[in-house]
Amino acid sequence: MDLVIAYGREILGGLSTTLSLFLISLVIGFVLAAAMAFVQIRFPGLVSKSVWNLMFCIRGVPMLLVLYVIYYGLPLLPIVRETFLWSVFSSPFWCTIICLAIVEMAFTSEIIRGAYLQTPKEQIEAARSLGLNGFQTFRVAIVPAMIRNGFAAYTTEVILLCKTTALAFTVTVMDVMGFANEIRSRTLDVYEPLLITGFIYLCITITTRLVLSWIFSLISASGSARAEAL
């Protein structure tokens, strides 16, 4: 028992890094995804198809490969080594953030686009018939429908992002998995550090699910109140 407690305390030393990887890449990835979804919706045709193909290519490549290309490949380019970009791409932490954000962008953009396309046209027409302008229609009719349509898929994607932060240890980032791997290599104990790590990730995913559900309920209640007011 004392050994498990000692391992747990050591592994928790990487919790702040794991949470930082998760939250920073989640925010950056969502902003980029919203921009990519907007481009696909707003500019149909060649532009939309080109962006969709790019997102599909990113989704079709293993995340570990993307991480290796960013961490081991890009720093070899002169434009990276000889410019301010070197301060970013020489950091394993920020290379991991970039990788996670890019992959998150590719998956979340499709979720946002799909949620928008599933919004009933009758709902949009009803909002316009009430005299609402474009922004009011988007805020009152489209956004709540998009949240309902995409909540389950986005929650799954966020949880997957949380778990894939464990790949960071492959590029020497000392997160939760990094500390567990270091203990395993040093002591040759396999089960204890890995089980502790699994429990930590499970706690993070459960907390993430509860927080997202709480945010969803707040947004839904706020949207209903605005709709009634109008």
Side-chain angles (χ1 to χ4, degrees), residues 7 10-37 39 50-111 154 156-190 193-198 200-202 204-205 208:
Y7 285 169
E10 187 173 349
I11 293 172
L12 284 173
L15 181 60
S16 61
T17 300
T18 293
L19 293 178
S20 297
L21 290 170
F22 173 46
L23 295 175
I24 295 174
S25 60
L26 178 64
V27 172
I28 296 176
F30 182 83
V31 172
L32 294 175
M36 294 299 101
V39 170
S50 299
V51 173
W52 188 90
N53 287 332
L54 176 61
M55 298 298 103
F56 178 81
C57 290
I58 296 174
R59 293 195 299 270
V61 176
M63 184 178 291
L64 184 60
L65 178 60
V66 177
L67 179 59
Y68 280 1
V69 169
I70 293 174
Y71 182 67
Y72 294 110
L74 293 183
L76 298 177
L77 300 176
I79 192 174
V80 174
R81 295 187 66 88
E82 299 172 4
T83 64
F84 70 94
L85 295 174
W86 174 250
S87 61
V88 176
F89 288 97
S90 62
S91 167
F93 178 84
W94 286 109
C95 284
T96 305
I97 290 289
I98 293 171
C99 169
L100 293 172
I102 289 175
V103 176
E104 177 71 6
M105 169 191 70
F107 282 95
T108 304
S109 65
E110 189 66 12
I111 293 173
Y154 183 66
T156 301
E157 175 56 29
V158 170
I159 291 174
L160 287 174
L161 174 66
C162 173
K163 294 186 293 184
T164 51
T165 58
L167 292 176
F169 88 96
T170 62
V171 291
T172 72
V173 175
M174 293 303 292
D175 61 342
V176 167
M177 192 64 191
F179 276 96
N181 189 63
E182 195 276 332
I183 293 173
R184 184 181 59 83
S185 301
R186 186 182 72 239
T187 65
L188 299 182
D189 289 336
V190 177
L194 293 183
L195 288 175
I196 293 170
T197 302
I200 292 172
Y201 277 107
L202 182 62
I204 296 174
T205 55
T208 300

Could you tell me whether the side chain of F107 reaches within less than 4.5 Å of the side chain of L160, counting heavy atoms only?
-> no
Kindly compute the distance separating OG1 (T205) from CG (L161), expressed to the nearest 0.5 Å.
-> 12.5 Å
Can you check whether F22 reaches T208 side chain to side chain, under 4.5 Å on heavy atoms?
-> yes
Whether T165 side chain and L21 backbone form a donor-acceptor pair below 3.5 Å = no
Taking every heavy atom of T172 against every heavy atom of P92, the minimum-distance pair comes out as OG1-CG, 3.6 Å
Going from CG on L19 to CG on L26, what distance comes out if it is rounded to the nearest 0.5 angstrom?
-> 12.0 Å
Value rounded to 0.5 Å, distance of OG1 in T18 from NZ in K163 = 14.5 Å
Would you check if V66 and I70 make a side-chain contact, meaning some heavy-atom pair closer than 4.5 Å?
-> yes
Which atom pair, heavy atoms only, marks the closest approach of L64 to L167?
-> N-CD1, 4.1 Å
Determine whether M105 and I58 make a side-chain contact, defined as any pair of heavy atoms from C-beta on separated by less than 4.5 Å.
-> yes
Supply the atom-to-atom distance S185 OG to N181 CG, rounded to the nearest 0.5 angstrom.
-> 4.5 Å
Over all atoms of both residues, closest heavy-atom pair of A166 and D175 = CA-OD2, 3.9 Å
Of all heavy-atom pairs linking S109 and A37, the shortest is O-CB, 3.8 Å
Kindly indicate, with the supporting measurements, whether the criterion side-chain contact (heavy atoms from CB on, under 4.5 Å) is fulfilled by I24 and L100.
-> CA-CA 9 Å; I24 295 174; L100 293 172; over 6 Å; no
Quick one: pull up CD in E110 and CZ in R59 and give me the separation to the nearest 0.5 Å.
-> 4.5 Å
Would you indicate whether the side-chain heavy atoms of Y201 and M177 approach each other to under 4.5 Å?
-> yes
For V88 and C95, work out which heavy atoms get closest and say how close.
-> O-SG, 4.2 Å
With a 4.5 Å heavy-atom cut-off, do F30 and E104 have their side chains touching?
-> no
Do the side chains of T17 and F179 get nearer than 4.5 Å, heavy atoms only?
-> no
Decide side-chain contact (heavy atoms from CB on, under 4.5 Å) for V173 and Y71; before the verdict, give the C-alpha distance in whole Å, the side-chain angles of both, and the deciding distance to 0.1 Å.
-> CA-CA 11 Å; V173 175; Y71 182 67; over 6 Å; no
Nearest 0.5 Å please: distance from the CD1 atom of I159 over to the OG1 atom of T164.
-> 11.5 Å
Going by heavy atoms in the side chains, are T96 and L67 under 4.5 Å from each other?
-> yes
In terms of ring plane angle, is the pair F56 and W52 parallel, tilted or perpendicular, where the classes change at 30° and 60°?
-> parallel
Would you say F89 has more than 12 foreign heavy atoms packed within less than 6.0 Å of its CZ?
-> yes
Is the number of heavy atoms from other residues, nucleotides or ligands within 6.0 Å of CG (L65) greater than 12?
-> yes
